There are 2 protein chains.
Amino acid sequence: MQQVAAEAGVSISTVSKVINGRYGVSAETVDHVTQVIDRLGYEASLVARSLRNRRTNVIGVLVMDFEPFSTEVLKGVAEAIHGSGYELIAYSAGGHVEAQVGWERRSLTRLMGSLVDGAVLVTPTVTDVQADGPVVAVDPHTGPSGLPSVAADNLQGARLGVEHLLRSGHTRIGMITGRSDLLSAQQREQGYREALAAAGLRVDEALVRPGGFDPELAREAARELLSHPEPPTAIFAANDLSALVTLEVAAELGLDVPRQLSVVGFDNIPESAVADPPLTTVQQPIRRMGQEAADMLLALIAGEAVADVHRTLATSLVLRASTAPPTPAS
Amino acid sequence: MQQVAAEAGVSISTVSKVINGRYGVSAETVDHVTQVIDRLGYEASLVARSLRNRRTNVIGVLVMDFEPFSTEVLKGVAEAIHGSGYELIAYSAGGHVEAQVGWERRSLTRLMGSLVDGAVLVTPTVTDVQADGPVVAVDPHTGPSGLPSVAADNLQGARLGVEHLLRSGHTRIGMITGRSDLLSAQQREQGYREALAAAGLRVDEALVRPGGFDPELAREAARELLSHPEPPTAIFAANDLSALVTLEVAAELGLDVPRQLSVVGFDNIPESAVADPPLTTVQQPIRRMGQEAADMLLALIAGEAVADVHRTLATSLVLRASTAPPTPAS
DNA sequence: TTGAAAGCGCTAACAT
DNA sequence: ATGTTAGCGCTTTCAA
C-alpha cells in the first residue's frame, strides 16, 4: 500500500479511501490511484484488513482434517456461498496428535473475531464453545446442544436400512455398532433396535457386536457374528467402513454375498460403489448438510432470526448388490 | 491476550514470551501463565500473529472454487502436510464472475507475505505471478512456465486410452477434444494423434470434433460423430464429462455400448464408476499431485534445492465396461 | 526476570 | 479533498 501511495504521489489513507470507495476523494484522484493499483496488481492484505475491521466478508469452515466427509461438506458450503459476495476459508490445524482434543475451540479462537465473520464447525466433539460470532455445527458428535447444528437423521437412516432387510425376509439380522460415545452411533443402534421391535422381533444381544467405526474392531465383530453357531443372514453395519470389512470377512469365510449373507452399510462413501459386490447402504446428504449450514450461518451473520437452529436432514437408501432375500436352505 | 495478562497479573509481553517459549521468564511464571491460558482456553489470533511475524507455519491452497478436482488436491496436500507441524488453509475467492480472471494473483497477494508461508495454486490460468514466497502450481492450464509445477502426463494418458482401443481391434476411432486454449486438452489430442500414427493409422479429421470440456458442446460433437455416414466404432473423449455425455447420446441413438460403440474417457471422476455402463477411463493421480506439490513446497520453504521443479505424474488406465472389441458385423 | 514501547499493514476519526 | 494519527493483537527489541 505504501508502494501504491508513493507511486501515485498521495498519502496512504487516500489509497485506502479509494479502495474502500469512501467519500472525500476527487474523481480525478480516484482514477489515478485506481490505475496505479491495477498496474501494480495490488490487493489489500486480508490479514491486515481483518485486524482492523470487525467485518471481513469471509466465512470459515473449520475441520479437524481434510478427509472425504469434511471436504464434501466444504463443497456444499461453497455452493451455498456462491453469489453471496463472501469468500471462503477452510482451516485445519493439521491433525497432529496433540491438536486432537479441543481443536474446535482452538481453531475458533484463532480465526473468529478476525479473519472470519462466522464459522462452520465440521463434526466437532465439543460444542460448548463460545465465540464472538455465529457458529454452526455440522454433524456434531455429541448431538445438538448450544450450537446451531445440521445433522443427518441417523435414527431414520438406520431404520431404513434394517427395514429393507426385514422386507427382504430377513429375521436374523446382526449389527456391528459404532463408537459408543458418539451420538450418531447411538442413534444408528437405536434405529436398528426400533426397526426390529416394530417388526415384532426380539433383539438377540449376541448379534450386536461393537465395531467402534474402526476397521480392525469391525473385522473382529464380523468374525464373531459369522462364526456364531446360528449366524445372522444379514448384517447392518454402523458405517460403510465396517460394512466393507464385513464383505472381506465374508469372502474369507467363503460366504457368498448376497446369496448367503446380506450386508447394509451407512454413509455411502465413494468406495462403497466400487466394492465387490457394490454395497447397499444408507446415504447421508453431506453436501446438503454443508449448504444448509452455510445458509443458516449467512442468516445468522445478517442478524436474521433463524427458526429451526437444529436441523435434521433425511437420509436415503441406496440399493446396490450386497442384499438379497435369505436363502431358505441356509 | 490482555485478559490472560490481567488474570495472571503480568504484562502482555510476558504472556507472549511464555507462549513462544522465549528465554527470560522464570519457571514459576511460566507455570502460572500456562495455567491461566489453559483455563481461559486462549489461543493466539492467527491474524495478529501473521501481521507481526514473517513466518506463520501455515501453508495455503488457493483455488478458484471448491469442486471435485480441487478438493481432491486438497486432500493430497493435507496428507503430505501431516506431521510437518504446518497448518493448512484453503482459500477460494468465491467464484464470483468478476473474480474469474486473475484470481490467482489476487489471492496470492491477499494471503502471501502474511497468513501463509507458501502456497499451492490449483489449476491456475496465469502462471507468471510473483509472490514473496514459494508457490507451486498444480495442473497449470498453460503448461509449466516460471512456476514450479506438478501435472499429470496428459500425453501419455491419451496414448494409453487410445492404445487400449487399438489393441482391442478398433481402427476407426473418433475424438471429442477439450478446450483448445488449455495445454492439457492440447496434449490429450496430441496423444490421440500420436497413438494413431504409431499404429500406422491416418487421422480422419472428420472424426475429431471439438467438445470444449463442455457438456453441451460435447453432446453436439457426439451427435456429429455418431451420425457420420461411416461412424467410428470407438470414441476417445478428452474428459469424463464428455465421455458420459457420449454414453447418453449413444443410448438415445439406440447404440449398445460397448457392443456397437466403445467409449474411453479421461479423469476418472467418481460419476464415471457408476455410469451405465461404467466408464473405462484414464485416471489422473489427483491426490498424488497434491502430495507432490506439498512436498515440493515444504522443501522450497525450507530453502532446500529442488531438483525437478516441473514434475509430471504418470496416468493409468481404469478398465471398466464401456469398451470392447468392435463387432465385425457392424 | 520483567515491562514499556515500537511497529507489522491497514482503516477511521480527526485535523488541515 | 487530502493528510495525520491512533490503534487493531501480537512479537520483539530495549531499558529497568
Side-chain angles (χ1 to χ4, degrees), chain A residues 1-34 36-37 40-58 87 106 108-117 131-133, chain B residues 1-34 36-37 40-58 87 106 108-117 131-133:
Chain A
M1 188 139 160
Q2 277 186 341
Q3 275 195 38
V4 175
E7 192 87 9
V10 296
S11 75
I12 293 185
S13 54
T14 301
V15 175
S16 171
K17 284 172 192 162
V18 171
I19 289 175
N20 295 288
R22 294 281 175 275
Y23 293 110
V25 187
S26 70
E28 182 177 15
T29 311
V30 171
D31 271 9
H32 180 213
V33 173
T34 306
V36 174
I37 289 177
L40 266 49
Y42 169 84
E43 191 83 2
S45 156
L46 189 58
V47 168
R49 176 175 286 186
S50 305
L51 192 53
R52 197 60 175 75
N53 287 0
R54 186 109 204 93
R55 189 160 176 110
T56 61
N57 252 34
V58 177
E87 299 177 359
R106 269 201 275 271
L108 228 31
T109 41
R110 268 171 94 65
L111 300 197
M112 285 284 281
S114 51
L115 234 215
V116 302
D117 291 340
D132 53 357
Chain B
M1 188 138 161
Q2 278 186 341
Q3 275 195 38
V4 175
E7 191 87 9
V10 295
S11 76
I12 293 185
S13 49
T14 301
V15 175
S16 171
K17 283 171 191 161
V18 171
I19 291 176
N20 297 287
R22 293 280 174 277
Y23 294 110
V25 187
S26 71
E28 184 179 12
T29 311
V30 170
D31 272 8
H32 181 213
V33 173
T34 306
V36 174
I37 289 178
L40 264 50
Y42 170 84
E43 191 84 1
S45 156
L46 189 58
V47 169
R49 177 174 283 187
S50 307
L51 193 53
R52 196 61 172 72
N53 288 359
R54 187 107 204 95
R55 187 156 176 114
T56 61
N57 254 33
V58 176
E87 299 177 359
R106 268 201 276 271
L108 229 31
T109 40
R110 269 172 92 67
L111 302 197
M112 287 283 281
S114 50
L115 234 214
V116 302
D117 291 339
D132 53 357

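Predicted, not measured: the structure shown is a model, and the values here were computed from it.
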* Kindly point out which of D:dT2, D:dT4, C:dC10 is positioned nearest to the side chain of A:S26? =>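 So the nucleotide nearest the side chain must be D:dT2.
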* To do: Counting heavy atoms from C-beta on, name the nucleotide in C:dT2, C:dG3, D:dT11 closest to the side chain of B:V10.
  =>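 Shortest atom-to-atom distance from the side chain points to C:dG3.
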Calculate the interatomic distance between [X] atom [atom1] and [N] atom [atom2]; express it in whole Å.
X	N	atom1	atom2	result
B:I12	C:dG7	CD1	C1'	15 Å
B:R52	D:dT11	CZ	P	9 Å
B:Q2	C:dG3	CD	P	14 Å
B:R49	C:dG9	CZ	C1'	18 Å
B:N20	D:dT12	CG	P	6 Å
B:H32	C:dT1	NE2	C1'	16 Å
A:L46	D:dC8	CG	C1'	15 Å
B:K17	C:dT2	NZ	P	9 Å

Kindly indicate whether the side chain of [X], heavy atoms from C-beta on, has any atom under 4.5 Å from the side chain of [Y].
X	Y	answer
A:E87	A:N57	no
B:R54	B:D132	yes
B:L115	B:T56	no
A:I19	A:R49	yes

* Asked: What about A:T14: does its side chain form a donor-acceptor pair under 3.5 Å with the base of D:dT2?
  ->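 Donor-acceptor pair under 3.5 Å: no.
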Scan [X] against the nucleic acid and name what it touches under 4.0 Å (heavy atoms): base, sugar-phosphate only, or nothing.
X	answer
B:T29	sugar-phosphate
B:R22	sugar-phosphate
A:S13	base
A:Y42	sugar-phosphate

* Exercise: identify the closest heavy-atom pair between B:A8 and B:H32 ->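 Distance-wise, the nearest heavy atoms are O-CE1, 3.2 Å.
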* 5' precedence on DNA chain C between B:G9 and A:S16 (nearest-nucleotide basis) ->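 Whichever sits nearer the 5' end wins; that is B:G9.
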